[in-house]
Every structure is written in C-alpha cells, then in structure tokens.
Amino acid sequence: MGTDRPDEFDTIRRLLMPLAGHPAARGLLDDVAVLEPPPGKTLVLTHDTLVAGVHFWPDDPPELIARKLLRVNLSDLAAKGAQPFGYLMSCAWPDSSDWTWRAAFGRGLAQDQTTYGLALLGGDTVSTPGPLTLGATLIGWGLPGRTPRRSTAQIGDALLVTGTIGDGGLGLMATGLNPPMFEPGDAEWLADRYRLPQPRCELADLIAAEATASADISDGLVADVGHIAQASGLAAEIDLGLMPISTAAHRWVTAQDNRSDALVRLATSGDDYEIAFTLAPERVEAVRIAANALGCPVTVIGQMMEGEGVTASLGLRRLEIDMPGWRHR
C-alpha cells in the first residue's frame, strides 16, 4: 500500500484539474459545468459504472481501467449516432489507490481524451472501504430526430453487427485464473480486446443517418439483440453461421469439440462493445460500402420479423440458448 494518499481536494487539484481544459468545466472550481449544445445538435447522455472484481480485474493496469471507463460509455454514444464531447466522473477510491496509482489512471484518461476529443467537465471523488468503483457520464452531440432507439425496428429489417463478436468474452477467459489453451499470441490479443474495448465512434454519423434501431453489445449479442426485439415488439432471428468472428476466436472455435456450442458461447458473452443495428433491406449494400470506407466492416447476421424473442440458428438448424447474456443480480 502506498503512503502518498491525497485527499479529495488534493486529488482534484493534482489529478483532475489538468484534465478539465474546456471552459464549460469552469476549471473544476464550481459545483456545476455549464454548456449549451451547438446549433442544430441535440444532447445525448449515457452513464456506466465499473466495479473492481466485476467489470475489471483489481490488478489490471490503471491506465487501461481509465480508458475502459471512457470507452464503454463511448460505445453507447456511438450506438446512438452521437459524437462525444465531454464527461463527468465519480471515483470511489480504496486505500490501495495511492498517488502512484491515481497518476497512472489520470494518464489513461488523458490519452483517450486526446484520442476521442473529450474533456473532463466535473464529478466527485470519495474514499471507500469497499472495492474501487468508478462511474462516468458521457455527453455527446446528436442530430435532432436522428438518435436511433431500441424500439423502432421494423418487420423485414436486416439485422447487422459491427466488427467481430465474442472477443470480449474470450478475453475475460484469457485473463482468468485458469485460462483455457489458446494459440500463441491469441491470449494476449484477446485479453487486450477485453481490457480495452474499441468503441465504433467512426460509425456514429452512419448509424444516425441509416439505422432504424440500435444498441451497443455489452451484455452479449443475443441479449442485446433481444433488447431491440423486445422494445420493438418484434422477433429477431440470428444465424450464428453468419456471425463475424476474429481470427483468434475462429482458432478457439475450431479447437472445441462442439462448434455450435462454441458459437453460442461467443454470441452470449459480454464485453464486446460492438453495435447491433437494424436497417431497411434496400440500404444494406450502401451501408456496407460506407462502413468499409470508414475502416469498420459491418455484417448482416439476421432479420427482424413478426413475433417475439430471439431465435438462433446455424444454417437450417435451430440452436437452444439457455442464457442469452450477462445479467447483474
């Protein structure tokens, strides 16, 4: 345990004030931040909380914990077609979070503030006898009337996903106490995918312009598609044979005794932070081309139809899914 444990005001002065460069933050000398949306924009807000031992390993590098805190929220903004602007943050520090730890955490925040054009606008810091607990409210700008809901998918819409599915869940396995065997180099790559999500901010404008409904994939593909289906009063059909998976995930699937069970596990594991969205079928090809040009391929994995719930298949064979994804108690 370190001996340099700054109090609340020392932490604000030494750690947080250097991160709060936007005038809206008022130098963190006030109790509020003040901002107005730019002309023609609407305010989009999201909040996520990360708890040590639940959302990250307590011994993960503090820089990566900081960046994950921002990125899980950035994923929500991207799924709603919003461009990031700033954030409010709360930190409940245990005694083990000494100045060395906090300074590294601040470097991680600074790195992703630069990457994504963010500014710290305010928040709160407290001490806690419990695990490290971090919260961030991200603020973004969207287009009026172009913030896709979960509830607006239409019968016949194509169902698409960004990137690859299942890497986060495999990465969690790779960082666990008894990790399975992976091919050389795959464990490290998958662990990085778990610790450092890749929010699809580059697709935000395309999602805003084209998606009929959308959600970020944090609890698992099947679970989050289920949220779209339930909110829209429709059924969703997913063909796991079409589900995009990484080279590392493909090698893991190939090594399993049962391919369909392995694909179900990828489709129901969390922490991918990709985007599931629906499109009018006639817009699929144009969106594919646009997404490829932006450096993030999208893949059709199914469709929306009358009914309720999510069904998964592998070609013509229907698959049974007992647990669609992660659920907090």
Side-chain angles (χ1 to χ4, degrees), residues 55-57 60 64 67-68 71-72 74-75 78-79 112 115 158-176 178-203 206-207 214-225 238-277 284 287-302 312-315 319 321 324-326:
H55 302 97
F56 58 89
W57 297 107
D60 279 348
L64 295 185
R67 297 170 72 190
K68 184 169 187 175
R71 290 178 180 218
V72 300
L74 286 163
S75 180
D112 270 9
T115 299
L159 174 64
L160 296 88
V161 294
T162 64
T164 56
I165 299 300
D167 296 328
L170 291 179
L172 176 60
M173 292 163 56
T175 61
N178 296 295
M181 292 295 295
F182 289 102
E183 293 292 325
D186 286 352
E188 183 178 353
W189 186 87
L190 290 164
D192 185 64
R193 285 280 283 149
Y194 168 69
R195 292 191 175 109
L196 196 61
Q198 301 296 319
R200 302 306 182 182
C201 298
E202 66 272 27
L203 297 186
L206 187 63
I207 295 293
S214 65
D216 93 314
I217 303 171
S218 54
D219 296 331
L221 172 65
V222 175
D224 288 305
V225 167
I238 302 173
D239 185 343
L240 297 190
L242 301 177
M243 182 176 68
I245 62 175
S246 66
T247 301
H250 176 74
R251 282 193 282 260
W252 177 82
V253 169
T254 302
Q256 305 310 300
D257 294 332
N258 188 307
R259 179 171 181 260
S260 60
D261 286 350
L263 290 174
V264 167
R265 181 157 190 173
L266 297 184
T268 56
S269 60
D271 287 293
D272 279 323
Y273 298 101
E274 298 289 351
I275 301 173
F277 64 104
V284 167
V287 169
R288 273 179 173 164
I289 293 170
N292 282 333
L294 292 168
C296 181
V298 299
T299 305
V300 176
I301 59 167
S313 62
L314 188 57
L319 302 176
I321 295 182
W326 168 259

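Both backbone and side-chain heavy atoms feed into the values below; hydrogens, waters and symmetry mates do not. Remember, predicted model here, so these are calculated numbers, not experimental data.
- In this structure, D224 contributes its side chain and D219 its backbone to a donor-acceptor pair below 3.5 Å.
- By the 4.5 Å heavy-atom criterion applied to side chains, I238 and M243 are not counted as neighbours.
- A187 and A174 make their closest contact through O-CB, 3.7 Å (heavy atoms, listed as atom of the first residue, atom of the second, distance).
- Under the 4.5 Å side-chain criterion, counting only non-hydrogen atoms from C-beta, L263 is not in contact with L319.
- When all heavy atoms are compared, the tightest approach of L266 to I165 is O-CG2, 3.7 Å.
- Here the straight-line distance linking atom CG of L74 with atom CD of Q198 works out to 11.0 Å at 0.5 Å rounding.
- One distance of note links CG of D167 with CG of L172; it measures 12.5 Å at 0.5 Å rounding.
- The minimum heavy-atom distance between I275 and R200, with the atom names listed, is CD1-CB, 3.9 Å.
- In this structure, CG on D239 lies 11.0 Å from CG on L159, to the nearest 0.5 angstrom.
- For E202 against C296, the heavy-atom pair with the smallest separation is OE2-CB, 3.5 Å.
- No donor-acceptor pair under 3.5 Å is formed between the side chain of S75 and the backbone N or O of R71.
- Among all heavy-atom pairs drawn from A158 and V300, the shortest one is CB-CG1, 4.5 Å.
- At a threshold of 4.5 Å between non-hydrogen side-chain atoms, the residues R195 and K68 do not count as touching.
- L196 has its side chain within reach of R67: a pair of non-hydrogen atoms, C-beta onward, lies under 4.5 Å apart.
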inquiry  = For T162 and Y273: C-alpha separation, side-chain torsions, deciding distance, then whether side chain to side chain contact (heavy atoms under 4.5 Å, CB included) applies.
reply    = CA-CA 9 Å; T162 64; Y273 298 101; over 6 Å; no

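- Between D272 and G166, the shortest heavy-atom contact is OD2-N, 2.9 Å.
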request  = Walk me through it: do L206 and F277 pass the test side chain to side chain contact (heavy atoms under 4.5 Å, CB included)?
outcome  = CA-CA 11 Å; L206 187 63; F277 64 104; over 6 Å; no

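- In this structure, N292 CG and R288 CZ are separated by 9.0 Å, a value rounded to the nearest 0.5 Å.
- Under a 3.5 Å cut-off, the side chain of S214 and the backbone N or O of A79 do form a donor-acceptor pair.
- One finds the CG atom of L221 at 10.5 Å from the CD atom of E274 (value rounded to the nearest 0.5 Å).
- The side-chain heavy atoms of L314 and R259, taken from C-beta on, include a pair separated by under 4.5 Å.
- Between L203 and V298, some side-chain heavy-atom pair lies under the 4.5 Å cut-off.
- Atom CG in L64 sits 7.0 Å away from atom CG in D192 (nearest 0.5 Å).
- A 4.5 Å side-chain heavy-atom check between P244 and I301 finds at least one atom pair inside the cut-off.
- The shortest side-chain heavy-atom distance between W252 and L190 does not fall under the 4.5 Å cut-off.
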